[in-house]
Amino acid sequence: MSAGGVHTRVLVFIGPVELESLGRVLIDCVEGGASVSFMWPMTAAKADAFWRGVAASHARGERIVVVAELDGAIIGTVQVILQQPENQPHRADVAKMLVHRQARRRGVGAVLLAAAEDAARAAGKTLLVLDTVTDSDGYRLYARQGWQRVGEIPDYALWPDGRPCPTTVFYKAIGRID
Ligand SMILES: CC(C)(COP(=O)(O)OP(=O)(O)OC[C@H]1O[C@@H](n2cnc3c(N)ncnc32)[C@H](O)[C@@H]1OP(=O)(O)O)[C@@H](O)C(=O)NCCC(=O)NCCS
């Protein structure tokens, strides 16, 4: 999948090079004010610890990590969390959709989301769930790509500067349970 020279791929291996690049994208997003689990000040140590945890989970087969690359450099990423309770084997969570500020508003988020949906479907998932800050850039992206709005939870999370923000839960059916 591509958008203006940007290509997406599912990571098979997450090593030091990927950890460094993914950390750079995460730090940029948090420094830019995104509410994605982290508070200011964002640090390389926090980003590294986060991505090492993701890499370990990825190595256990619990999640898919999709990246978007431009000229060989990672400029965006999103994850599909495959591991779910045994009564929800058909479901996955979509999480940590991140695009570097320098690469935004040219369709990278859209191709990443489509790639995540394709990867989830290929993994046998038929229902996807996510949450995002109400009326944010992500909120518009999910609505535009056919995700169904479930509802809003006020004061669910914090912006990186400490102000509370409302969260909207979305789902998307990408297949049918057999
Ligand atoms: C949410 C996020 C991933 C979107 O990434 P993106 O690559 O900018 O997404 P897209 O380019 O597909 O869409 C963004 C906007 O650009 C527009 N756009 C897409 N291609 C375009 C183009 N070629 N020319 C002009 N505009 C374009 C889209 O219509 C959309 O407009 P809107 O925001 O007014 O609705 C990004 O803003 C981000 O990383 N935010 C911080 C982290 C975050 O909050 N993530 C969500 C957590 S759930």
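Atoms within a ligand are numbered from 1 in the order they appear, just like the ligands themselves.
The proximity of K96 to ligand 1, defined as any non-hydrogen pair under 4.0 Å, does not occur for either the backbone or the side chain. Within the 4.0 Å heavy-atom criterion, the part of A34 lying near ligand 1 is the side chain and not the backbone. With a 4.0 Å cut-off on non-hydrogen atoms, Y139 does not touch ligand 1 at all.
The ligand atoms of ligand 1 that sit less than 4.0 angstrom from a heavy atom of G138 are 1 (C). Atoms of ligand 1 found under 4.0 Å from any heavy atom of M97 (numbered from 1 in listed order, with element): 3 (C), 42 (C), 43 (C), 45 (N), 46 (C), 47 (C). Atoms of ligand 1 found under 4.0 Å from any heavy atom of A110, numbered from 1 in the order shown, are 12 (O). Every atom of ligand 1 is numbered from 1 in the order shown, and the set under 4.0 Å from a heavy atom of V108 is 7 (O), 11 (O). Remark: ligand 1 atoms within the under-4.0 Å shell around heavy atoms of L98 are 39 (O).
Below 3.5 Å of separation, one finds no N or O of L141 facing any N or O of ligand 1. Annotation: Y142 places no N or O atom under 3.5 Å from an N or O atom of ligand 1; distance criterion only. Taking only nitrogen or oxygen atoms, main chain and side chain alike, R144 reaches within less than 3.5 Å of ligand 1.
One option in S37, A68, G109, G33 has a heavy atom closer to atom 7 (O) of ligand 1 than any other, and that option is G109. The nearest non-hydrogen atom to atom 22 (C) of ligand 1, considering only R105, R104, H100, R101, comes from R105.
Distance alone, capped at 3.5 Å, is enough to place a donor-acceptor pair between the K46 side chain and the M39 backbone. Of the possible polar contacts, one joining the T77 side chain to the V66 backbone as a donor-acceptor pair under 3.5 Å is found. When atom types are taken as modelled, the side chain of K172 and the backbone of E117 share no donor-acceptor pair closer than 3.5 angstrom.
In this structure, D131 has a heavy atom closer than 4.0 Å to ligand 1.
There is a protein heavy atom closer than 4.0 angstrom to atom 43 (C) of ligand 1.
Side-chain heavy atoms closer than 4.5 Å link hydrophobic residues (I, L, V, M, F, W, Y) into clusters, and following such links, even through other members, never connects I75 to L22. A continuous path of Ile, Leu, Val, Met, Phe, Trp and Tyr side chains, each step under 4.5 Å between heavy atoms, connects V94 with V10, placing both in one hydrophobic cluster.
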Mind running salt bridge (charged side-chain N to carboxylate O under 4.0 Å, His left out) on D28 and R24 for me, showing each step along the way?
-> CA-CA 6 Å; D28 177 77; R24 229 176 319 110; over 6 Å; no

